[in-house]
Novice: 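Structure provided below as structure tokens; questions to follow.
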2 protein chains.
Amino acid sequence: MAKGEYLGEFEHVVLLTVLRLGDGAYGAMVRAEIERVTDRSPAIGAVHATLERLERKGLVSSWIGKPTAERGGKAKRHFKIEADGVSALKTAQKTLQRLQAGLSLWNVAV
Amino acid sequence: MAKGEYLGEFEHVVLLTVLRLGDGAYGAMVRAEIERVTDRSPAIGAVHATLERLERKGLVSSWIGKPTAERGGKAKRHFKIEADGVSALKTAQKTLQRLQAGLSLWNVAV
DNA sequence: CCATAATATCCACATAATAGACAATATAGG
DNA sequence: CCTATATTGTCTATTATGTGGATATTATGG
């Protein structure tokens, strides 16, 4: 494959998070979930840039939401994972699994 | 964590491959192993650039080898994984595992 | 209306990924 | 010896990803 056909590290994280959250996840929500689950705190701009790239690649799709009963804020952009996104996750997972087959990281002599 | 403290996607692949191959792996060997195990064919330049980056970060170390009985070639640069390299792999693995907890990619409605 | 909360977007820059051409060096065989 | 060739690393340029901060937008509460 050529450049740009694999999920980058953060793309992988964001895409898995969109899948976890289910259809309708939006930027700020994705950011919060990443923080909750992984102990890292990406900037909101980083999350949006990545979602936009994933959308350009056809791995997620998005639509603008209606205002809700909450305090306020600019209209949310909601995301859902697409079939190609699921495939990309499978490919990434398989690659890592194959490379790790037979290796236990907790039992390495260094 | 801040910028640059995570393994990039290809860094992850290369680092796992160095671990698989054990101490003494070198560029061309790493490249061949990636090809064998994952069906992708990175350019040799890509592999070397990545190994160099991993070394700068202290995740692997290297030394120049002596000529062997084989045909010829420039002296090999051999690599071994360092303790920090193993830690980085553990962190990356844990992050992905947490995000995937409870999700089966083979059972997703899209 | 105004203050403030919630959200997205824009912009600039740093780091990672990648390919391809090139250089180096060893051995084999005449 | 000398040359052809195999094997490997090095250099360079370019594109893709990752990152954070500042700014814009929009809704609600008072």
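Throughout, a chain's letter reflects where its sequence line sits, starting with A, and its residues are numbered from 1.
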Novice: Report the C-alpha separation of L59(A) and L89(A) in whole Å, then their side-chain angles, then the decisive distance to 0.1 Å, and conclude whether the side chain to side chain contact (heavy atoms under 4.5 Å, CB included) test is met.
Specialist: CA-CA 10 Å; L59(A) 307 185; L89(A) 286 174; over 6 Å; no
Novice: Answer yes when K57(A) and E11(A) have at least one side-chain N-carboxylate O distance shorter than 4.0 Å, and no when they do not.
Specialist: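 Looking at E11(A) together with K57(A), the answer is yes, because their closest N to O distance falls below 4.0 Å.
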Novice: Expressed in angstrom and rounded to an integer, what is the separation of E33(B) atom CD from dT8(D) atom P?
Specialist: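 Going from E33(B) (CD) to dT8(D) (P), I get 14 Å.
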Novice: Take atom CG of L51(B) and atom P of dA16(C), then tell me their distance rounded to the nearest Å.
Specialist: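 From L51(B) CG to dA16(C) P: 14 Å.
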Novice: Output all residues satisfying side-chain hydrogen bond (donor to acceptor under 3.5 Å, both in side chains) with S87(B), sequence neighbours left out; order by chain, then residue number.
Specialist: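 Per chain and number, S87(B) pairs via side-chain hydrogen bond (donor to acceptor under 3.5 Å, both in side chains) with no residue.
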Novice: With respect to T38(B), which candidate in R40(B), R36(B), E35(B) satisfies the side chain to side chain contact (heavy atoms under 4.5 Å, CB included) definition?
Specialist: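 Only match with T38(B) under side chain to side chain contact (heavy atoms under 4.5 Å, CB included): R40(B).
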Novice: Given dT19(D), dA17(C), dG20(D), which nucleotide is nearest the side-chain atoms of E9(B)?
Specialist: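 Of the options given, the side chain of E9(B) lies nearest dA17(C).
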Novice: Provide, to the nearest angstrom, the distance between the CG atom belonging to L7(B) and the P atom belonging to dG18(D).
Specialist: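 Whole-Å distance recorded here is 13 Å.
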Novice: Is the closest basic N to carboxylate O distance between D39(A) and K94(B) below 4.0 Å?
Specialist: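 K94(B) and D39(A): not salt-bridged.
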Novice: In whole angstroms, how far is the P atom of dT15(C) from the CZ atom of R53(B)?
Specialist: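 Between P of dT15(C) and CZ of R53(B): 11 Å.
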Novice: How many Å lie between CZ on F10(A) and C1' on dA14(C), as a whole number?
Specialist: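 Spelled out: CZ on F10(A) to C1' on dA14(C) is 15 Å.
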Novice: Can you check whether R40(A) has a side-chain N or O nearer than 4.0 Å to OP1 or OP2 of dG20(D)?
Specialist: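 Checking dG20(D) against R40(A), no side-chain N or O comes under 4.0 Å of OP1 or OP2.
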Novice: Nearest-Å distance, CD (E5(A)) to P (dT18(C))?
Specialist: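 Taking atom P of dT18(C) as the reference, CD of E5(A) is at 10 Å.
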Novice: If we count only N and O atoms by modelled type, under 3.5 Å, do the side chains of S61(B) and E82(B) hold a donor and an acceptor together?
Specialist: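 Yes, E82(B) and S61(B) have a side-chain donor paired with an acceptor closer than 3.5 Å.
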Novice: Between dG9(D) atom P and W63(B) atom CH2, what is the distance in whole Å?
Specialist: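 So the two atoms are 13 Å apart, to the nearest Å.
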Novice: Please determine if a side-chain N or O atom of R56(B) lies less than 4.0 Å away from the OP1 or OP2 oxygen of dT15(C).
Specialist: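 R56(B) to dT15(C) OP1/OP2: no side-chain N or O under 4.0 Å.
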Novice: What protein N or O atoms touch nucleotides 8-10 of chain C N or O atoms at under 3.5 angstrom, if any, and at what distances?
Specialist:
unit_1: dA8(C); atom_1: OP1; unit_2: G27(A); atom_2: N; d: 3.3
unit_1: dA8(C); atom_1: OP2; unit_2: A28(A); atom_2: N; d: 3.0
unit_1: dA8(C); atom_1: OP2; unit_2: H48(A); atom_2: NE2; d: 3.2

Novice: Working to the nearest 0.5 angstrom, can you tell me the gap between R20(A) CZ and R98(B) CZ?
Specialist: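 Between R20(A) CZ and R98(B) CZ, I get 10.5 Å after rounding to 0.5 Å.
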Novice: Without decimals, in angstroms, what is the distance between R31(A) CZ and dA6(C) P?
Specialist: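 Result: 13 Å.
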